[in-house]
There are 2 protein chains.
Amino acid sequence: MPEDVPADELNIGLLLYIPYRALEERVFAALAEAGYGDVTPAQARVFQRIGPNGSRLTDLAAAAQITKQTAGFLVDRLERARYVERIPDPTDARARLVRVTERGAATIPIGARVIAEIEAEWAAHLGQRRMAQLRAALTRLREITDPYR
Amino acid sequence: MPEDVPADELNIGLLLYIPYRALEERVFAALAEAGYGDVTPAQARVFQRIGPNGSRLTDLAAAAQITKQTAGFLVDRLERARYVERIPDPTDARARLVRVTERGAATIPIGARVIAEIEAEWAAHLGQRRMAQLRAALTRLREITDPYR
DNA sequence: ACATTTCAGTCAGTGTAACTGACCATATTA
DNA sequence: TAATATGGTCAGTTACACTGACTGAAATGT
């Protein structure tokens, strides 16, 4: 990912990464302060993808673009910390559904609140209109960059 | 980083992360194909921050938001693979400057070309105008999200 | 109905990349 | 010149990513 860096024209990858990283850091600081200091970014990236009725490990792996082994490792951690649970999949005896527990669900509004806060700060810096455009552009970009969707 | 996911309104963090990840993957595939298969994303994130006249380890660590130990570890790898070299800092006997080697510099146009390609694809999908707005918004966002800058 | 193939998930093993804490040597400051 | 700050390394731990090999259940094709 190297590129010439003429002081202001960073490559688009780094430009995406920098705010992502800043947001991530704030969210995890808030979670830690609320007593959820054991969740890690990698765990959260999987957690985020769990559907309302639970998701299969394989699907989580695909969505997060990691191997099923890695997904299994992360879900193990989340399970031991009681953020998720595994229940049998009634439609397929091979599979199990990873489901968010009550404790897991409790973290969601905390994250959501910080993210809303950050978005407000960003909107204040960019202006409401540009912030909306940014979100719209990224959402459209997802159509061609999210292999799962 | 958890958040409600109403099917289309993903949180802004994930929206930033998805295209970042897609770009990263393409760049590393291209580098691998060109015979530079040993560079890793973490190494590249440090490499990218090296200034034209070399940079100190501490500065690289700050810019990449990692500890100096981690930065040292990554630079060791880059050095062993001959992408960078360490020379004494003439202005401070404690410090050394990490500098891009010829071999390291050779990777830059490869990455740049793929990134240009991807940006063209994204521009085709969003339209030139929106792509320019996206870049502009992200660049401005950097003002409040890049603790180094 | 049964053999084959596909699919969900685990086990085992490896390497990379992140952290903390302790430390040394040189620079800077009081 | 004594105290403190800074640049960097050493040692140790943990997390997370991969590949390859495997088990058991499901779907598919004779």
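Here is the naming used below: chain letters follow the sequence lines, and residue numbers restart at 1 for every chain. In this text, all values refer to a predicted model and were calculated from it rather than measured experimentally.
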Heteroatom pairs (N/O) under 3.5 angstrom, protein to nucleotides 10-14 of chain D:
none

Go through residues 58-66 of chain B and report each residue with a non-hydrogen atom lying under 4.0 Å from DNA chain C, sorted by number. Ile66(B)
Please list, chain by chain and in numerical order, all residues satisfying salt bridge (Lys or Arg N to Asp or Glu O under 4.0 Å) with Asp92(A), sequence neighbours excluded. Arg56(A), Arg94(A)
Identify, with sequence neighbours excluded, every residue that meets side-chain contact (heavy atoms from CB on, under 4.5 Å) alongside Ala62(B). Tyr148(B)
Using distance alone, with no hydrogens and no angle criterion, decide if Gln48(A) and Asn11(B) have a side-chain donor and acceptor under 3.5 Å apart. yes
Arg140(A): which residues meet the salt bridge (Lys or Arg N to Asp or Glu O under 4.0 Å) condition with it, sequence neighbours left out? Glu143(A)
Among residues at least two apart in sequence or on other chains, which ones pass side-chain contact (heavy atoms from CB on, under 4.5 Å) with Ala32(B)? none
Residues at least two apart in sequence or cross-chain that pass salt bridge (Lys or Arg N to Asp or Glu O under 4.0 Å) with Glu102(B), listed by chain then number, are none
Provide the full list of salt bridge (charged side-chain N to carboxylate O under 4.0 Å, His left out) pairs with a residue in residues 65-78 of chain B, sequence neighbours left out, each pair given once. Asp76(B)-Arg86(B)
Test side-chain contact (heavy atoms from CB on, under 4.5 Å) applied to Val100(A) - qualifying residues, sequence neighbours left out: Phe47(A), Ile50(A), Ala105(A)
Taking side chain to side chain donor-acceptor pair (under 3.5 Å) as the cut-off, I'd like each qualifying pair that reaches into residues 25-38 of chain B, sequence neighbours left out, listed once. Arg26(B)-Glu121(B), Asp38(B)-Tyr83(B)
With 3.5 Å as the limit, what N/O pairs link the protein to nucleotides 26-30 of chain C?
residue, atom, partner, partner atom, Å
dT26(C), O2, Arg94(B), NE, 3.4
dT26(C), O2, Arg94(B), NH1, 3.1
dA27(C), OP1, Ala93(B), N, 3.0
dA27(C), O4', Arg94(B), NH2, 3.3

What pairs with Thr101(A) under side-chain contact (heavy atoms from CB on, under 4.5 Å), at least two apart in sequence or on another chain? Glu85(A), Arg103(A)
